[in-house]
K.L.:
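Shown below is the structure under consideration.
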Amino acid sequence: MPLSSLQKRIITSLLLIAALATALIMGGHVLTGGLAVFCTIALYEFYAMFWQDSSHLASRVVGLTAGAGIILTSAAVSPVWMLLIMLGAFWLFNFRFLLSYSAKPDRATYVDSLILFAGLVYIPVTMQFMTSMNSWEILFVLLAASSSDTAAFYAGTFFGKRKIWPQISPKKSWAGSIGGFSGCIICCTVYGYFFGHAPVLYWIVLAAMLNIGSQMGDFFESALKRKLQIKDSGKILPGHGGVLDRIDSLVLALPIYVLARQIHAFF
């Protein structure tokens, strides 16, 4: 008997949780390597949305190599290597534009350079923050993003009628948004109370900020896919779509948390 969409979604979620638990327990190079693989797949999906033909194979290779390099070098004491990789990829495409403009000025475009750099900032530069976080912090940010998504999904499914932003995401409702907001605050506050060391009010404010970031990150990817006329970023995760579809809320929530911890230590 074929599995339903919900069954596929649950099985995939359990496998992802098992992989995450293994990476967190092992830590070190295992966590960094797993993050590099995960981000490379997400970055591949991002580039595939824009570069859909074989003529951009070299561009994808450069972008994916740079993205993996950013993650693998981010755990180093100095961020110099990560910055050098970004600058190297940036100037490689700048020289490519220079040569193409010299050969055919009317057909030369700088768009590929912008796509390359946007992908690097959007995914690996953002996700590399995890290499400087401890396991409690990583789990907290993942909990914020996942509780926002899960609570929003079920609240929207059972109570959603009035749409919140139909031109961006036709299925998302105000009920789902409020449900995700409430679920995130409850889960993060309970987690912070037992495992962190900050006043309850701080956890509530932080959770609210992370939820807003999660929702806006989700809306951004939805707008991007609608513009490019794509339903899912990929098909690698049964019941969930692509890897980028799973981390679209995380890529904004993560830097918000990193910014917040510069102001106050939560763990």
Side-chain angles (χ1 to χ4, degrees), residues 10 12-39 41-42 70-79 82 122-153 179-218 237 240 243-244 246-267:
I10 294 174
T12 302
S13 297
L14 292 175
L15 292 175
L16 289 174
I17 291 172
L20 172 64
T22 301
L24 290 176
I25 292 173
M26 298 295 290
H29 296 307
V30 174
L31 177 60
T32 303
L35 184 62
V37 172
F38 202 71
C39 287
I41 296 173
I70 288 171
I71 297 296
L72 294 175
T73 60
S74 62
V77 177
S78 171
M82 183 181 72
Y122 183 36
I123 300 170
V125 170
T126 298
M127 297 298 289
Q128 60 83 29
F129 283 122
M130 282 192 175
T131 63
S132 65
M133 297 163 59
N134 61 43
S135 297
W136 297 110
E137 291 178 303
I138 294 174
L139 285 173
F140 176 76
V141 178
L142 292 175
L143 175 65
S146 61
S147 61
S148 296
D149 289 344
T150 303
F153 175 78
F181 186 82
S182 303
C184 180
I185 289 180
I186 293 172
C187 291
C188 289
T189 302
V190 171
Y191 183 96
Y193 179 81
F194 285 102
F195 302 110
H197 47 74
V200 171
L201 179 61
Y202 283 36
W203 292 112
I204 293 175
V205 173
L206 178 59
M209 293 170 57
L210 293 180
N211 175 262
I212 293 173
S214 295
Q215 293 198 46
M216 294 307 296
D218 195 348
L237 300 177
H240 291 267
V243 171
L244 186 56
R246 285 294 81 212
I247 66 171
D248 56 357
S249 57
L250 186 62
V251 290
L252 187 52
L254 186 56
I256 288 176
Y257 171 76
V258 173
L259 175 61
R261 78 171 184 176
Q262 304 307 307
I263 301 173
H264 186 278
F266 289 88
F267 292 94

K.L.:
Please check: side-chain N/O of T189 versus main-chain N/O of I186, any donor-acceptor pairing under 3.5 Å?
P.N.:
no
K.L.:
Any idea which heavy atoms bring A42 and V243 closest together, and the distance?
P.N.:
CB-CG1, 3.7 Å
K.L.:
What distance do L210 atom CG and L143 atom CG have between them, rounded to the nearest 0.5 Å?
P.N.:
10.0 Å
K.L.:
Taking all non-hydrogen atoms of both residues into account, name the closest pair between A253 and S214 and its distance.
P.N.:
CB-OG, 3.6 Å
K.L.:
Answer whether the closest heavy-atom distance between the side chains of I185 and N211 falls below 4.5 Å.
P.N.:
no
K.L.:
Ring centroids only, cut at 6.0 angstrom: are H264 and Y202 within range, meaning strictly under it?
P.N.:
yes
K.L.:
When you compare the side chain of V141 with that of F129, does any pair of heavy atoms fall below 4.5 Å?
P.N.:
no
K.L.:
For H29, is the NE2 atom crowded, meaning more than 12 foreign heavy atoms sit under 6.0 Å from it?
P.N.:
no
K.L.:
Minimum heavy-atom separation for S148 to C184, with atom names?
P.N.:
OG-CB, 3.3 Å
K.L.:
State, with a plain yes or no, whether a side-chain heavy atom of V258 is found less than 4.5 Å away from one of M130.
P.N.:
no
K.L.:
Looking only at non-hydrogen atoms, find the nearest pair between L254 and M127 and report the distance.
P.N.:
CD2-CA, 3.8 Å
K.L.:
Do the non-hydrogen side-chain atoms of T126 and I247 ever get within less than 4.5 Å of each other?
P.N.:
no
K.L.:
For L72 and A36, which heavy atoms make the closest approach, and how far apart are they?
P.N.:
CD2-CB, 3.8 Å
K.L.:
Please round to the nearest 0.5 Å and tell me the distance separating atom CZ of F181 and atom CD of Q215.
P.N.:
8.5 Å
K.L.:
Could you tell me whether the side chains of T131 and T32 share a donor-acceptor contact shorter than 3.5 Å?
P.N.:
no
K.L.:
Taking atom CG of N134 and atom CG of L139, what is their separation to the nearest 0.5 Å?
P.N.:
9.0 Å
K.L.:
Say whether, by atom type as modelled, one donor and one acceptor occur between the side chain of Q128 and the main chain of V125 under 3.5 angstrom.
P.N.:
yes
K.L.:
Work out which heavy atom in G217 is nearest to a heavy atom in L252; give both atom names and the distance.
P.N.:
N-CD2, 3.9 Å
K.L.:
Mind checking the OH-CD spacing from Y257 to E137? Nearest 0.5 Å is all I need.
P.N.:
3.5 Å
K.L.:
Nearest 0.5 Å, what's the CD1-OG distance between I70 and S74?
P.N.:
9.0 Å
K.L.:
Tell me, with the steps shown, if I71 and F38 meet side-chain contact (heavy atoms from CB on, under 4.5 Å).
P.N.:
CA-CA 10 Å; I71 297 296; F38 202 71; over 6 Å; no
K.L.:
Any idea how Y191 and F267 line up, ring-wise: parallel (<30°), tilted (30 to 60°), or perpendicular (>60°)?
P.N.:
perpendicular
K.L.:
Per the ring-ring contact (aromatic ring centres under 6.0 Å, His included) rule, which among F140, F194, Y193 passes with W203?
P.N.:
F140
K.L.:
Between M209 and I212, is there a side-chain heavy-atom distance shorter than 4.5 Å?
P.N.:
no
K.L.:
With a 3.5 Å cut-off and no angle check, do the side chains of S249 and D149 form a donor-acceptor pair?
P.N.:
yes
K.L.:
Between the main-chain N or O of S147 and the side-chain N or O of T150, is there a donor-acceptor pair closer than 3.5 Å?
P.N.:
no
